[in-house]
Amino acid sequence: MDERYNFHAIETKWQQTWSDDNLYQVDESDDRKKYYCLVMFPYPSGRLHMGHVRNYSIGDVIARFRRMQGYNVLHPMGWDSFGLPAENAAIKNKIHPASWTWDNIAYMRTQLQRMGLSYDWDREVATCHPDYYKWTQWLFLQFYEKGLAYKRKAAVNWCPSCATVLANEQVVNGACERCDTPVTTTDLAQWFLRITDYADRLLADIDQLTGWPDKVKVMQKNWIGRSEGTEATFGIDGTEESVTVFTTRPDTIFGVTYLVLAPEHPLVDQLIAGTAQEEQVRQFINEVRAEDEFTRTSDEAEKRGMEIGAYAINPVNGKKVPILIANYVLGGYGTGAVMGVPAHDDRDFAFATKYNLPIQPVIKPVDAELPEPLTEAYIEDGVLFNSGDFDGLPNREAIGKITEYLAEKGQGGFKVNYRLRDWLISRQRYWGTPIPIVYCDQCGTVPVPEEQLPVLLPEDVEFEPNGKSPLVTSETFVNTTCPHCGGPARRETDTMDTFIDSSWYFLRYTDPKNANGAFAKDRADYWMPVDQYVGGVEHAILHLLYSRFFQKVLSDMDMVAATEPMRNLLTQGMVLKDGTKMSKSKGNIVDPDHIIEQYGADTARLFVLFAAPPERDLEWSDAGVEGCYRFINRVWRLVADWVDDAAKVKASVDPNALNKLDRDLRRVAHLSLRKVTEEISERFGFNTAISSIMEMVNALYKYRDEAGDQANLPLVKECLQFLSLMLAPFVPHVAEELWSALGNSDSVHSAAWPQWDEAATKAEEITIVVQVNGKVRDRLVVPAESSQEEIRAQALAQDRVVEMISGKDIVKVIVVPKKLVNIVVK
RNA sequence: GCCGAAGUGGUGGAAUUGGCAGACGCGCCGGACUCAAAAUCCGGUCCUGGCAACAGGGUGUGGGUUCGACUCCCACCUUCGGCACCA
């Protein structure tokens, strides 16, 4: 064994060996229990960043640990490789998005390989490869057949800079999540996936996700936004039409003094036609619709409204109230119409005051009268008045009673609403999965038949952004024949949101080369669900919600059994430098290549695992990296020093033939092993697991100094074996080198995770803390098996204790076995 | 506004069920080795007072429960994250 730790030689050598031996390849014909360890696949932006290094180091520890524990571990890697940056690069550098993407993939793959990650590269997938997107298209067609994909004209978020539509989820604070340009609204015919059909199940099944962080579950619940309420149908005076409103406060319905419709409400057009204020109203609608969604829905936005000259009839009391339209009512939520009850809602109160609308109180406190006139909305509980037959009812009771009354009259009933909207998936972009639909003048919308898949991306396109999909510029692509009648037809030129690609990649990994289907059911059922998913919390809502949606749809189609895709989720924190996220614009990037070049992959991995627990943000520290490098060197020298002697003996320790020094060392080693095992498997405590290994190394150094020539070599060998095995998940290269130097011929990564000897961990003597009135006053070393009475007696006999308690009454003595004695005196 | 998480030395962070606060690492101080330096090894390092033994204080703030609280309860402050005119 080399005196010096030459990480470069070691890492290159073992990476080659592992690859040659196909060490991480797995299949389903295996008796061992399966374990699917998945990390979020990267977008091939060009280079790995530290966030990737952290993500994949964490995943690799889990995969390697489970492998050593005897699981059949699937640990795949791939590329989320469709997306806008490739197109931007195409525009900027005049290179094709495909070549830009594939070059990036090639480079990033070598970066990942240099990190020594235990991936089964045989299962690599790239979402931009026709072998992959063929099945993305096929899945879209299954959704289409089930009525889960549909096209409709919709007001959509539009990013003027990217010249594309954005999903609600991709609008952050009113701006495009990619380029930060303020988003506007426009009308387009777009494809949607009917995720709202699954809102109830996506919500209910969150409770099954016991292995997910509460934080993520709460975020998903809020996003789905279930709201229980009542629908009430108001007739429109002088017409046969009616308007249905959604409310969570039907108990206040007798207090309705007006109705408000969203400007885009379908009835508005009809109601204003031919009225005196038609022109005025139309102008107002145009103004509102010109506002982007963010401005319109921001809290500070001025609430503006206008009467439209029509009147509604309150179903509970027949009262005639004016109908208005206003900017604050949203077309996409509930029914797009609300009732105005200014007496009992803050927002309505302000609105009614501004427009001089009447205010009619109908709920008052149980033992007080409301001020007259009201100076603010009364939103507390109370009893009903001015409410016909419902007078005197507590308002909470009235909610149910009034809803039942509306239902009996056929003018409403209970209703559950969700904040979640259908998923807009059309993108006017080139570098995405083409939507496999053809438009024929004769046959209408025709799905591309399965045997004609994939619909390939054409090469002859222009990438200048002009608001239309670049695919429109490819005549060979657009012009096609109708699969149905054979006549001339046009292809759909929009591509799919890339979130679709990543909503099923974890299923493709289970059967990545399947040419006859997206994946075989038996393979998917063998591996799914994912046992451990690791990735950034920024995907807590979108990617994870979409993936759950896909899994449920595919499960309903009987393509896979599991109804949830990810059993356990670990959301790692960000990597920070100088307290903020690393970014090019801040110039605080640390390049993984440089760290690996300077210290090796093992040091880089050790640092990101040791510096903070995985869920928390990690502050980059060059000095911390140095420290990890020093630790590996310290381990190296320790083993190098002993290896010649240790390699000659077996690690068979006779516990009865050890002296005190030996037993103390052995205890540390076995305690460390227990600690590392528990930290990894129970709470992802990689940082504390590593610190425990460090303590063991410190103990070995101490033993070497103290025992000198008398060192017990079989014991030393046992310790060094443990050390290599425990280090294996964290620093796989150096662990393999040490393991090999100790005379083992098989890989440390296929070795079994060792089992500690519980007897060896038992302390012979323990230190008992002696407290007087809760303050530590003394310590007591007693045999481990001392009884409570013995400890108590000994504690009370201690000189210091006698001194402290003399002249005082002993009120109580608490003895906690193996821990402490607390003497309470007065 | 609503929901959630977190506040511990100079610093990153430990403390598993309510039982010695500060493990481990970084930094700093001292010692050994060396002609010297680097590297390495050993020791020290929460604050205040004291030569010391030791005493007092100490986990965002203020209360509470308890023999005992970083840990549990109540109120508040700060930071971060999510949602937000959702009827």
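As the structure is a prediction and not an experimental result, all values here were calculated from the model. The figures here come from the full heavy-atom set of this structure, side chains too, leaving out hydrogens, waters and symmetry mates. Throughout, protein chains are lettered first and strands after them, A, B, ... in sequence-line order, and every chain is numbered starting at 1.
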Output yes when at least one side-chain N/O atom of A:R226 is less than 4.0 Å from OP1 or OP2 of B:rC83, else no.
no
Answer with base, sugar-phosphate or nothing: what part of the nucleic acid does A:G627 contact at a heavy-atom distance below 4.0 Å?
sugar-phosphate
Considering all heavy atoms of both residues, which atom of A:K215 and which atom of A:V537 are nearest to each other, and what is their separation?
CE-CG2, 3.8 Å
Can you see which heavy atom on A:T571 is nearest to which on A:P213, and at what distance?
OG1-CG, 3.9 Å
Looking at B:rC26, B:rC85, B:rC41, which one has an atom nearest to any side-chain atom of A:K303?
B:rC85
Checking base pairs now: Watson-Crick or wobble, both atom distances under 3.5 Å. What partners B:rC85?
none
Provide the Watson-Crick or G-U wobble partner of B:rA75, both distances under 3.5 Å; none if there is no partner.
B:rU61
Among the nucleotides B:rA87, B:rG27, B:rA84, whichever has the atom closest to the side chain of A:S227 is B:rA87
Centres of the A:F722 and A:H670 rings: under 6.0 Å?
yes
Measuring only the P atom in each nucleotide, how far is B:rG68 from B:rA21? A whole number of Å is fine.
14 Å
What integer number of Å spans the C1' atoms of B:rC76 and B:rC24?
35 Å
What closest approach, in Å, do A:F246 and A:E231 show between heavy atoms, and which atom pair accounts for it?
CD1-CG, 4.3 Å
Looking at every strand, decide which applies to A:R800 at a 4.0 Å heavy-atom threshold: base, sugar-phosphate, or nothing.
sugar-phosphate
Integer-rounded Å distance: B:rA6 P and A:K215 NZ
10 Å
Can B:rG81 be described as syn, meaning its chi torsion is within 90° of 0, or is it anti?
anti
With a 4.0 Å limit, can you tell me whether A:R4 has a side-chain N or O closer than that to the phosphate oxygens OP1/OP2 of B:rU40?
no
Protein heavy-atom contacts under 4.0 Å, written 5' to 3' over nucleotides 9-23 of chain B as B (base), S (sugar-phosphate only) or - (none), form the string ---BSS-B--BB--B
Using a 4.0 Å heavy-atom cut-off across all strands, classify A:K775 as base, sugar-phosphate, or nothing.
sugar-phosphate
Taking B:rA75 as the reference, what is the distance to B:rC85 when you measure between their C1' atoms (whole Å, please)?
31 Å
If we call it a pair only when both distances are under 3.5 Å in a Watson-Crick or G-U wobble match, what pairs with B:rA38?
none
Give A:N698 one of three labels, base, sugar-phosphate or nothing, depending on what nucleic acid heavy atoms sit under 4.0 Å from its own.
sugar-phosphate
Any donor-acceptor N/O pair, A:R605 side chain to A:F730 backbone, under 3.5 Å
yes
Considering only heavy side-chain atoms of A:R421, the closest of B:rC3, B:rC41, B:rC86 is B:rC86
Quantified in whole Å, what is the C1' atom distance between nucleotide B:rC74 and nucleotide B:rU66?
16 Å
Quick check: closest heavy atoms across A:L267 and A:S242, and the distance to 0.1 Å?
CD1-O, 3.3 Å
Within less than 4.0 Å of OP1 or OP2 of B:rA55, is there a side-chain N or O belonging to A:R777?
yes
Nearest-Å distance, CD1 (A:I379) to P (B:rC2)?
11 Å
Could you identify the nucleotide paired to B:rG4, looking across every strand shown and requiring Watson-Crick or G-U wobble geometry with both distances under 3.5 Å?
B:rC80
Assigned partner base of B:rC70, Watson-Crick or wobble definition, under 3.5 Å:
none
Distance between the P atoms of B:rA39 and B:rA55, in whole angstroms?
41 Å
Looking only at B:rG82, B:rU40, B:rA87, the nucleotide nearest the A:R637 side chain is B:rU40
Between P on B:rC85 and OH on A:Y328, what's the gap in Å once rounded to a whole number?
13 Å
May I have the distance from A:L609 (atom CG) to B:rC24 (atom C1'), rounded to whole angstrom?
15 Å
Ring geometry between A:F499 and A:Y546 (parallel below 30°, tilted from 30 to 60°, perpendicular above 60°):
perpendicular
Pairing nucleotide - B:rC51, Watson-Crick or G-U, each distance under 3.5 Å:
none
With heavy atoms under 4.0 Å as the rule, sort A:T248 into base, sugar-phosphate or nothing.
sugar-phosphate
Ion pair check, A:D664 and A:R667, cut-off under 4.0 Å:
yes
Quick one: do the A:T244 and A:T233 side chains pair a donor with an acceptor below 3.5 Å?
yes
In whole angstrom, give the distance that lies between atom OH of A:Y701 and atom C1' of B:rU40.
9 Å
Mate of B:rU45 across any strand shown (Watson-Crick or G-U wobble, both atom pairs under 3.5 Å) is B:rG27
Value for CZ (A:F65) from CD (A:E679), rounded to nearest 0.5 Å, stands at 11.0 Å
In terms of side-chain heavy atoms of A:N327, which of B:rC85, B:rC41, B:rA87 is nearest?
B:rC85
Sticking with atom P, work out how far B:rA38 lies from B:rG56, rounded to a whole angstrom.
43 Å
May I have the distance from A:L576 (atom CG) to B:rC80 (atom P), rounded to whole angstrom?
13 Å
Rounding to an integer number of Å, can you tell me how far A:L796 CG sits from B:rC67 C1'?
14 Å
Work out how far the P atom of B:rG43 is from that of B:rA36, and round it to whole angstrom.
24 Å
Please determine whether a side-chain nitrogen or oxygen atom of A:K812 lies at a distance below 4.0 Å from atom OP1 or OP2 of B:rC67.
yes
How far, in whole Å, is B:rG1 from B:rG10 if one measures between their P atoms?
34 Å
How close do A:N773 and A:N822 get, counting heavy atoms only, and between which atoms?
N-OD1, 3.6 Å
Starting at atom CD of A:E538, determine the distance to atom P of B:rG82, rounded to an integer number of angstrom.
10 Å
Under a 3.5 Å limit on both distances, the Watson-Crick or wobble mate of B:rU16 is none
Whichever of A:V824 and A:G624 has the more 5' nearest nucleotide on RNA chain B, that residue is A:G624
Under-3.5 Å donor-acceptor pair between A:R347 side chain and B:rA87 base:
yes
